[in-house]
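Chain naming here is simple, since letters A, B, ... match the order of the sequence lines and numbering starts at 1 in each. Only heavy atoms go into these numbers, but all of them, side chains included; no hydrogens, no water, no symmetry mates.
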Amino acid sequence: MKLEEILKERFGYSNFRSGQKEVISSLLAGKNTLAMLPTGTGKSLCYQLPGYMLEGQVLIVSPLLSLMQDQVDQLKVNGEKSVIAINSFLSFDEKLTAMKQLSRFKFIFISPEMMLTEQVLARLKSLKIALFVIDEAHCISQWGHDFRPDYLKLGYVRKQLQNPLTIALTATATSEVRGDIIRTLSIQESEQIIYSVNRPNITMAVEHFHHYREKRDRLIQLVTKLEGPGIIYFSSKKMAEQMAADLRLQGIGNVMPYHGGLEQETRMLIQQQFLHGQLDLICATSAFGMGINKENIRYVIHFHMPMQFESYVQEIGRAGRDGQPSIAFMLYTSGDETLQHQLIEGELPDEPQITLLENWLQEHKTNPQNLAGLEEELSLICGFNEIQLRLTFDYLKNYSLGKNISSVCDEFKLYIKKRLESKRRKIEEMVRWISSEKCRRIQLLEYFEEMPKIQNSDCCDHCGFSITTFERTNFPLHKQRDNEEQSWKERLAEILLRKREEER
DNA sequence: CGTGTTCCACATAAGTGGAACACGGTGCGTTATT
């Protein structure tokens, strides 16, 4: 049967979108594949369709529980029953049952962390994996080196699974990140299918301010002026909440904050409301975005700059999926980057902390290979937070074999130093782009090593654009709806917001 | 660096001015096991 026929039969589509067929053919030819396809291309089809054609199971590594949930639901809607997500949403009993019957499932979604637990890995090894899928594969590079070290062990997992046919999917990866992905997964012989990151319908603009107040005023003005829906990105949870509350008070619209500190349930609720048009503005941290597939987002404003250019591209790329003109504003006050610098320093342990650790290990003649049970004590002594602790334990466990304590700690210090340097460089790259006088788009494309493309209108603030394109056409901003018309979700959201405000 | 919170002096009632200080993002997993 031809691919198109299967597409029609299984998924009900008549045509592939650009890139899909190429990726699928590559996989069916038995080639490991790294695919960088524009957002909204339908990346999940790239593993679902070949999954049906190959004998065995499809194992999908996903970075977020909510993303797994979405994908599972989507498959179920399409009539696929043998699909499961192995994660902490399952109760102990459910997990037990699932593990027993694992071979029954065609599509298995899982997090890197779960996959690396001994029992789960042992069970996975007994399966016949037809296709190993790394969704949002840039996470390997973005998170694997510190925040979620298990991401770097996907290569080990792959080896344990007898090197199954592998596909890494992403929308944004520089050649450096792609190299990272390929190296980590050991898929050197892979086919790379790379599409442009350029999004011609997204205008980019940067504005400079002298003071926070001016920037804040401008934000309010923009939000009032621009046609929504929109997303505003902050690097602080508190500020995202504050601004959401302020905008709400000013009657600027149906605004909610979104960040990692909110209850899982609240987050899902807000995300759903935004997707369904009951909210038209989200004040978010970088937690918001992955898996958000909303067609008509008209603008993205950065009140704080992201940590790196890739994040910026991902974040603005959430606008204009419908192809309609959309705009990305970056609001910058000189010195904004210090917040980013502060954040990266807090993520990694510093030299004094590692020295404290080293001394303790020497004194107690402890084998760095076996630190289990010492988490609490060492956190207290060295002042590690959760993330620092995990990275430290992980590093010692993986790189200390056959070495003495002081040389491992020296190597670890060097590793941290290099990580910090690399992260600082990325922040500086972001600042350079903000301060530069050149066309924003050309620089963006250069960053991703693409040939610059000619853009005629509404390119960026250096090439000229007209804000009227993006202004609201219909006033007043929000028609008041009857209470009866409000869904229970909206009402609940309001209660939640009020509760949070009272708590403050 | 900027913002928000706390606390104190001032002064004699309730609240202001301001110094000192803390804080800042991203997410899996989380028991007893097939």
Name all pairs fulfilling the salt bridge (charged side-chain N to carboxylate O under 4.0 Å, His left out) condition that reach into [range], sequence neighbours left out, sorted by first residue then second.
range	value
residues 120-145 of chain A	none
residues 388-400 of chain A	A:K153-A:D394
residues 338-347 of chain A	A:E345-A:R424, A:E347-A:K423

Item checked: Any pair counted as ring-ring contact (aromatic ring centres under 6.0 Å, His included), so long as it reaches residues 93-129 of chain A, sequence neighbours left out ->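 Applying ring-ring contact (aromatic ring centres under 6.0 Å, His included) to every pair that reaches into residues 93-129 of chain A, excluding sequence neighbours, yields A:Y52-A:F107.
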Next item on the list: Mind jotting down which residue pairs meet the ring-ring contact (aromatic ring centres under 6.0 Å, His included) criterion with at least one end in residues 147-173 of chain A? Sequence neighbours excluded, please.
Entry: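 Listed by first then second residue: A:W143-A:F147.
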Holding to side-chain contact (heavy atoms from CB on, under 4.5 Å), I want the full list of residues that pass it with [X], two or more places apart in sequence or in another chain.
X	result
A:T184	A:I140, A:L152
A:Q353	A:P349, A:D350, A:F384, A:Q388
A:A171	A:T39, A:K43

Check: Could you spell out the base pairing of DNA chain B in dot-bracket, with Watson-Crick or G-U pairs whose two distances are under 3.5 Å, [ ] crossing and | to another strand?
Finding: ((((((((((....))))))))))..........
Note to self: One character per nucleotide, please: for nucleotides 28-34 of chain B, 5' to 3', B when the base has a protein heavy atom closer than 4.0 Å, S when only the sugar-phosphate does, - otherwise.
What the structure shows: BSBBBBB
Checklist line | Contact list for residues 366-384 of chain A, test side-chain hydrogen bond (donor to acceptor under 3.5 Å, both in side chains), sequence neighbours left out | finding: A:Q369-A:S400
Contacts under 3.5 Å, N or O only, protein and nucleotides 19-25 of chain B:
| from | atom 1 | to | atom 2 | distance (Å) |
| --- | --- | --- | --- | --- |
| B:dG25 | OP1 | A:S236 | OG | 3.4 |
| B:dG25 | OP1 | A:K237 | N | 2.1 |
| B:dG25 | O5' | A:S235 | O | 2.8 |
| B:dG25 | O5' | A:K237 | N | 3.3 |
| B:dG25 | O3' | A:T285 | OG1 | 3.4 |
| B:dG25 | O6 | A:L343 | O | 2.7 |
| B:dG25 | O6 | A:E347 | OE1 | 3.2 |

